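Every number for a ligand or one of its atoms is a count from 1 in the order of the listing. Quick caveat, the model's predicted, so the values are computed rather than measured.
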Amino acid sequence: MKRGILNLSRSELSEFFAGRGVPKYRADQVFIWLLRFGKTTFDGMANLDLSLRRELTDLFYIFRPRIIKINKSIDGTIKFLLELVDKNTIETVFIPETQRNTICVSSQVGCSVGCKFCNTGHHGFIRNLSTEEIVSQVLIVKDYLELWCSKDERISNIVFMGMGEPLLNYSNVLKSIELLISDEEDCVSRRKITLSTSGIANILKIIAKDLPCRLAISLHAPNNRIRSRIMPINNKFNIRDTLNACSEYEKHHEYLKITYEYLLLDNINDTSECAYELLHLLRGRNAKVNLLQFNSWDGCSFRPTSIGRVINFARILEKGGIEAPIRARRGEDIMAACGQLTSN
Ligand code: SF4
């Protein structure tokens, strides 16, 4: 049975080649064809011997999900509904901005964490995504937008903020990041990849040292009382556990500021007192707070905070010395914004 070559890490393919007497550097050449040029067959890999190309064709396939629906927002955001081999579906979002193009990838089909404000969590968990299912989300968007080798337009940022909790599928997620990161021209640098977690503190603590990218924490509350109400995971790993795990990351990545995501919910976590409490909580940390506005979905009773309160919240944090940009809503009209993704 053929194996998916995008499920292999660089070192696994090198080892595979070494076992067959093929020089290890051939693995790098293959990955350049796959990840920089978007090859979907081994035929066109011109710098490989014909016999090696044939052997690769016999042993491996190159995975792409099937695009079953595309929604385009008036703000340029594009949402892709992708079908996997077992017919499960996931969503991936392309977000163009003046200075950068970002792809938001999913790490699981569904999610078991159950954050109350999140449509994905509301629909439950089905399964983890394999490495090829994660990496190929980036590749299929590049296929569709014809971004291969484009000098003018490229994918500059990748965020693990789609469906699923990346740390509950961390081995496949880390393998994907390793594949997507490269110093090679046209690949995405480790500083431009962000893994966002709801705070699975025990896993974060273990992998913090070796996490090869930026870290974002879905904090969303300044204290355990509010956080447990909107994020049940807080009953397992509370704010202190999560911040302790963050300290471990900071120890090994002193130049990479952690971003704390804070979704403002009307009359839940958006008061001045909450802002001061958050300031106190993050004081002394190399932190940035991204303020997010809630995006509604059917069946959710939360309401977005008024823009006046959002600005007030941001001012309090900024005055206290914490950078707190208000993130623009993107793709809300096509249900592609934060917390709105589902499998349909
Ligand atoms: S916000 Fe993230 S971790 Fe929470 S339920 Fe949604 S997908 Fe899962």
Side-chain angles (χ1 to χ4, degrees), residues 79-82 88-93 95 102-129 133-134 137 158-170 172-173 176 193-204 207 211 213-221 224 226-239 241-242 245-246 258-265 268-269 289-302 304 327 329-332 335-344:
K79 183 173 77 166
F80 297 81
L81 179 65
L82 304 174
N88 275 310
T89 52
I90 51 170
E91 290 188 325
T92 304
V93 183
I95 308 154
T102 302
I103 296 184
C104 176
V105 297
S106 295
S107 55
Q108 299 181 309
V109 185
C111 184
S112 60
V113 174
C115 302
K116 302 284 189 211
F117 48 78
C118 173
N119 204 1
T120 308
H122 184 66
H123 284 84
F125 171 74
I126 297 179
R127 69 168 174 84
N128 282 334
L129 295 183
E133 289 169 336
I134 297 170
Q137 294 173 59
I158 296 170
V159 294
F160 283 78
M161 296 184 183
M163 294 163 62
E165 165 51 65
L167 291 189
L168 292 179
N169 183 19
Y170 71 94
N172 291 340
V173 166
S176 312
I193 296 185
T194 304
L195 182 150
S196 175
T197 175
S198 58
I200 311 296
N202 59 340
I203 295 173
L204 181 55
I207 64 163
L211 194 60
C213 62
R214 287 187 179 274
L215 177 65
I217 301 290
S218 296
L219 188 60
H220 306 317
N224 287 318
I226 299 176
R227 195 164 192 263
S228 294
R229 184 173 160 201
I230 59 177
M231 298 179 71
I233 192 70
N234 197 67
N235 293 313
K236 195 163 180 193
F237 305 109
N238 65 25
I239 292 179
D241 300 329
T242 301
C246 288
I258 296 179
T259 302
Y260 294 87
E261 307 288 341
Y262 198 102
L263 177 69
L264 288 154
L265 300 168
I268 304 281
N269 62 358
V289 174
N290 268 349
L291 293 175
L292 312 170
Q293 297 169 74
F294 178 62
N295 302 297
S296 311
W297 44 274
D298 277 350
C300 186
S301 57
F302 294 122
R327 307 303 297 189
R329 285 178 156 139
R330 298 300 304 263
E332 194 189 9
M335 295 292 286
C338 286
Q340 290 186 316
L341 301 184
T342 58
S343 295
N344 50 53

Who pairs with Phe125 by side chain to side chain contact (heavy atoms under 4.5 Å, CB included), at least two apart in sequence or on another chain? Gln108, Ser112, Asn128
Those atoms of ligand 1 less than 4.0 Å from some heavy atom in Gly164: 7 (S)
Could you label the plane-to-plane angle of the Phe294 and Phe302 rings as parallel, tilted or perpendicular, counting under 30° as parallel and over 60° as perpendicular? perpendicular
Sub-4.0 Å atoms of ligand 1 with respect to non-hydrogen atoms of Cys111: 3 (S), 5 (S), 7 (S), 8 (Fe)
Under 3.5 Å donor-acceptor, Thr92 side chain and Phe80 backbone: no
Shortest heavy-atom approach to atom 4 (Fe) of ligand 1 - which of Gly199, Cys115, Ser107, Gly114: Cys115
Quick check on atom 8 (Fe) of ligand 1: does Cys118 put an N/O/S atom closer than 2.8 Å to it? no
Can you check whether Leu129's main-chain N or O pairs, donor with acceptor, with Asn169's side chain at less than 3.5 Å? yes
